[in-house]
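In what follows, a single structure is set out as structure tokens and then discussed.
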Amino acid sequence: MKVTGVILAAGKGTRMKSDLPKVLHSVLGKPMIAYGQNAIKHLNRKYVVVGHKSELVIEELESGFQSVLQKEQLGTGHAVVTLLNSDEFNHDDSDYIVIIPGDVPLLIKEDIDSLITQSLETKAALGIITAEIFNPEGYGRIIRKDGTIARIVEQADSTEDEQQINEVNSGMYCFNKKFLRDNITNLDTNNEQNEIYLTDLIEIAFQNNLDTVIVKVSEDTIKGVNSMSQLNDVEQTLRDKLINLHMENGVYIQDSSTTYIDEGVVIKPGSRIMANTHITGATEIHENCIVGPNTMINNSSIGSDSTIISSVLDGVTLKGAATIGPYAHLRKGSVLESNVKVGAFAETKNSNIGKGSKIPHLAYVGDADLDENVNFSAGSITVNYDGKNKHRTDIKKDAFIGSDVMLVAPITVGEGAMIGAGSVITKDVPPKALGIERNQQKNIDGYMDRKTPKDKN
Ligand code: UD1
Ligand code: CA
């Protein structure tokens, strides 16, 4: 039997009070809708019902997910009618349709799979995922009769008694397509919200004595996001779960309450993540690194045995055993070969830094190529920008750049050359040469004695 997957993502998310469509809010670095897509991506056909700011949502769809536009958002039932009547859906040849909301990022693929398996095996009219939830407010409550599910009552339509029910609707269903087609047009808007509720199909199935499947799962996996505080709650839940997974994989996490690791970040065993550290984007940290405290790493690859303390790295590749910080800022396109040191108040950008090279303190290295074993001393910078264009600095192997040097690019410092402290270097320096640009020092004898007593103070 064929199963098609559908994500409902047309709603504005009014309760979020945000311009961004709800399903695009980030949960640990990924838009909420990415989690839904991940859970059903193995299905043959996949649709996403889009509406509010649809062009933004469509941008986040992975290949294989087809969008269907619901121009006006008149409720979850209306979203499904729109899908079934759309041109895009004409080609659909499935027997069952899995429907999930776009705002339940904690959902688990295995739960969806078991919903599908059980619905298909029993040839049910519909299957539904429910959960007992500590604070059920806002969810549709499951009304059971003789153990089976009789109907769902939305919060807005519920009586005080019904509000005491803790079993709630996850919004995830597996419908027999024929049942769906035959009955969806019978739904009305006779409810508090004047919407077409998809949930009303449950009562229709019950009244017609049709088989339904209930898959009950754990509370955390069905939490919906309707407000900023629910977004935060869901993100915390996922954060705790991921941090535990990293620890199970042999990563030490010193203080989970101040550690933020995005979904998809890879950390190899033996690494230690110290307090107050953010590791985000497509970041990979290899074995036996020490990262933090007080460090932010985004979209970077950190080679094994590196140490990074109180620093910010974004779009960086460390090939291995680097020593970074405290207080270093490594920006996009910094590629460090092994055993490189970048120390306090040093910044690098769009630069290749050779094996064993050192930028120990107070320096700027931008648009530069440093070969092996270059020493780039305190107070020195590459002057890469002339106000219009960026130029490169090329520093060959074993060169020694003294303190407080301006290397005005484009410029090349030859292999083994030395640059005297305080120089403004505008011409290439040949290999093994001393490049120096400095006024002669003057010493004025007896100067201090000639000063008046008043000046002396
Ligand atoms: C819905 C369920 C509720 C369930 C809860 C689980 C209904 C009537 N209620 O309530 O029983 O407990 O989810 O999280 O279904 N959407 C559209 N088009 C629309 C309206 C909504 O695509 O016209 C999408 C939204 O973008 C969202 C999803 O459907 O992703 C659910 O809509 P939402 O308004 O959040 O429903 P809830 O009030 O949470
Ligand atoms: Ca919701």
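Both counts, for ligands and for their atoms, begin at 1 and track the order of listing.
- Between Ser311 and Ala328 the shortest heavy-atom distance is OG-N, 3.1 Å.
- Residues lining ligand 1 at a heavy-atom distance below 4.0 Å are given as Leu8, Ala9, Ala10, Gly11, Arg15, Lys22, Gln70, Gln73, Leu74, Gly75, Thr76, Ala79, Pro101, Gly102, Asp103, Tyr139, Gly140, Glu154, Asn169, Ser170, Tyr197, Thr199, Asn226, ordered by chain and residue number.
- More than 12 heavy atoms of other residues, nucleotides or ligands lie within 6.0 Å of CD in Glu55, so this atom counts as buried by the packing criterion.
- Applying the ring-ring contact (aromatic ring centres under 6.0 Å, His included) test to residues at least two apart or on different chains, the pairs with a partner in residues 32-75 are Tyr47-Phe89.
- Excluding waters, the count of protein N/O/S atoms less than 3.0 Å from the Ca ion (ligand 2) comes to 2.
- Among Lys177, Lys46, Arg181, Lys2, the single residue meeting the salt bridge (Lys or Arg N to Asp or Glu O under 4.0 Å) criterion with Asp92 is Lys177.
- Lys216 meets the salt bridge (charged side-chain N to carboxylate O under 4.0 Å, His left out) test with Glu132; sequence neighbours excluded.
- With respect to Lys30 and Asp262, no salt bridge is recorded, no charged nitrogen being found less than 4.0 Å from a carboxylate O.
- Between Lys223 and Glu235, none of the side-chain N atoms (NZ, or NE/NH1/NH2) sits under 4.0 Å from a carboxylate O, so this pair counts as no salt bridge.
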Would you check, one step at a time, whether the test side-chain hydrogen bond (donor to acceptor under 3.5 Å, both in side chains) holds for Asn226 with Lys22?
CA-CA 8 Å; Asn226 300 310; Lys22 177 165 68 174; 3.0 Å; yes

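- Atom NZ of Lys123 is surrounded by 12 or fewer heavy atoms from other residues, nucleotides or ligands within 6.0 Å.
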